[in-house]
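Lettering of chains follows the sequences in order, A, B, ..., and the numbering in each one begins at 1.
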2 protein chains.
Amino acid sequence: MPPPDHSNVVSITHLRQTCRSCSLRELCLPLGLDNDDMQKLEDIVHSRGPIRPGEHLFREGDSFHALYAVKTGALKTYTIDNQGREHVLGFHLGGELVGLDGIHSGHNRCNAVALQNATVCAVPFSRLEQLSREVPGLQAQILRVMSREISASAQLATEHSADERLAGFLLSLSRRFRRRGLVANLITLPMPRRDIASHLRLATETVSRLFARFQEEGLVAVRRRDVEILDLPALEKLGEALDLDGDGRSRRSPQTR
Amino acid sequence: MPPPDHSNVVSITHLRQTCRSCSLRELCLPLGLDNDDMQKLEDIVHSRGPIRPGEHLFREGDSFHALYAVKTGALKTYTIDNQGREHVLGFHLGGELVGLDGIHSGHNRCNAVALQNATVCAVPFSRLEQLSREVPGLQAQILRVMSREISASAQLATEHSADERLAGFLLSLSRRFRRRGLVANLITLPMPRRDIASHLRLATETVSRLFARFQEEGLVAVRRRDVEILDLPALEKLGEALDLDGDGRSRRSPQTR
DNA sequence: TCTGTTAATTGATCTGGATCAATTCTGGCC
DNA sequence: GGCCAGAATTGATCCAGATCAATTAACAGA
């Protein structure tokens, strides 16, 4: 069942953006840049918004010309398969990039739609490529972000059972909330159960039942979209903790070699 | 059940490599470079091999310092979860890169092991970063390859049922064989059923039964590791055809907008 | 050629999660 | 407040694929 076609792709006033004063500069492309280099980045970036819930930032098949960094709100990316079913590929919160999968083919490979009121920065890709040649720190950050995305999808692939997947999902959100300076154990889910289910390849009912079970077992307290993590270690035991900002050893016991 | 620890990480004679005479130059990092630039790439690349089946190229947790391009043979990457189960993340054939997921943390996030006798080119990452600033075509190719990896994992995530996943897997292999100039409908699987099963999150027995069913239905002819694709359209209908070298529109019917 | 070993197949059974089917909640709107 | 539509929960049943258990095939080494 394809989702309702809310509206066409958003097209809003383009405003200059100042990375230097952005609260997300430590998680986003500017990470590691000095003031001068950050200004060069600002010069190619445009702010866009607001995008209303249900409005699309881009659609599958559109020609690719920019990456988008989420400033506020949240987006999801999804595809529609040849049988008309929707598959949620991922969720994008403040400081995260959308559209990386479009680079190689020159066309966007998924749809990106706002879950809440959102604002984003558009980064024209050809100018970003050019600038990243001049600014090594920027080039390094782009590669890091893409590499992290590859790691993260490998992570999702290793979680087999339904409870592992939901636990891993909650941990991932928690970590991303913490990165943004929010309380890590108080999550407000920006998406409905249906989208969580689609992303984790589960039925909505299963997600609902798992939330109930996790609550019974004292792992979390759930009320609608609000989730409080009560027993982090137990959750981590279920869905492996993959700390994508760590040193790559967090998942293994100390090695003896 | 963790796999037997065959041996330590491989460490073999380092030989200069000539990308210009490499038959894989049109699929690998040199794609799109002119002769001069290709020579610059050669100057930082070392050839390594042979790596015997079961020998590791690197292990999870090792500090990351190089990407590897497969020249001959095939590798798999995998992780061991906190319950000791192996999860196969992917397979790497001639012309493909291994190790991209290690960039962001500075440590390899998975193990890489040879499935068959293999030779690889080691590309020291810091020198690659540096060179890609001077050689725009190289920078572009790295980003394309990483973007393609992100797309591919999204693809795997959208295939739900067991037959969709196996069909998608066969199509992906077929496409990669064709890229290397081999016959696209005659595949020799470089990996055992167990690894296919782990990669697709299925039981070995299920993979075996699916091969039998596909054969019954006339989709393929299977004999041990040799698979002949007999009915490509039917296979594509099952596992969506995602042509990662195409224009991004291959999965959608022509758009009317 | 036989023999041990691992890979693959095939069969029988079991179960986690999907599906179908009602309710119940919640927030927006009159 | 009362009413409505979509979101979420809860219950009953079903089935795809896992698991358990043999059996057969391929192959390396003696």
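Annotation: proximity of residues 208-229 of chain A to DNA chain C (heavy atom, distance under 4.0 Å) is found for A:Arg209, A:Arg223, A:Arg224, numbered in ascending order.
Note: CZ (A:Arg201) to P (C:dT19) measures 14 Å, nearest angstrom. Rounded to an integer number of Å, the gap from CZ of A:Arg194 to P of D:dG6 is 11 Å. For the pair A:Leu202 CG and D:dA16 P, the interatomic distance rounds to 18 Å; values are reported in whole Å. One interatomic measurement links the two molecules: NE2 of A:His160 to C1' of D:dT19, which rounds to 15 Å at whole-angstrom precision. The interatomic distance linking A:Ile196 (CD1) with D:dA8 (C1') rounds to 11 Å, in whole Å. Rounding to whole angstrom units, CG of residue A:Leu189 and P of D:dT9 are separated by 10 Å. We find that CD of A:Glu205 is positioned 17 Å from P of C:dT24, with the value rounded to whole Å. When the P atom of D:dA16 is taken as reference, atom CG of B:Leu200 falls 19 Å away, rounded to whole Å.
Using a 4.5 Å heavy-atom cutoff, the side chains of A:Val183 and A:Phe177 are not in contact.
Residue A:Ser161 is classed as a sugar-phosphate contact, given heavy-atom separations below 4.0 Å to backbone atoms only. At a threshold of 4.0 angstrom between heavy atoms, the contacts of B:Ala203 include nucleobase atoms, whether or not backbone atoms are also involved.
The main-chain N or O of B:Gly61 is found under 3.5 Å from a side-chain atom of B:His107 such that the two form a donor-acceptor pair. At least one donor-acceptor pair under 3.5 Å links the side chain of B:Ser174 to the backbone N or O of B:Ala184. Checking side-chain atoms of A:Arg109 against main-chain N and O of A:Thr79 turns up no donor-acceptor pair under 3.5 Å.
A cation-pi arrangement is not found for A:Arg213 relative to A:Phe211, the charged atom failing to lie both closer than 6.0 Å to the ring centre and inside a 45° cone about the ring normal.
When the nucleotides C:dT9, D:dG11, C:dG17 are ranked by their closest atom to the side chain of A:Thr206, C:dG17 comes out on top. Side chain of A:Ala162, nearest nucleotide from C:dA7, D:dA7, C:dG17: C:dG17.
For an aromatic pair to be called close, the ring centres must be under 6.0 Å apart, and B:His87 with A:His160 satisfies this.
In summary, of the residues considered (A:Leu238, A:Thr206, A:Leu171, A:Leu210), a side chain to side chain contact (heavy atoms under 4.5 Å, CB included) with A:Leu166 occurs for A:Leu210 alone.
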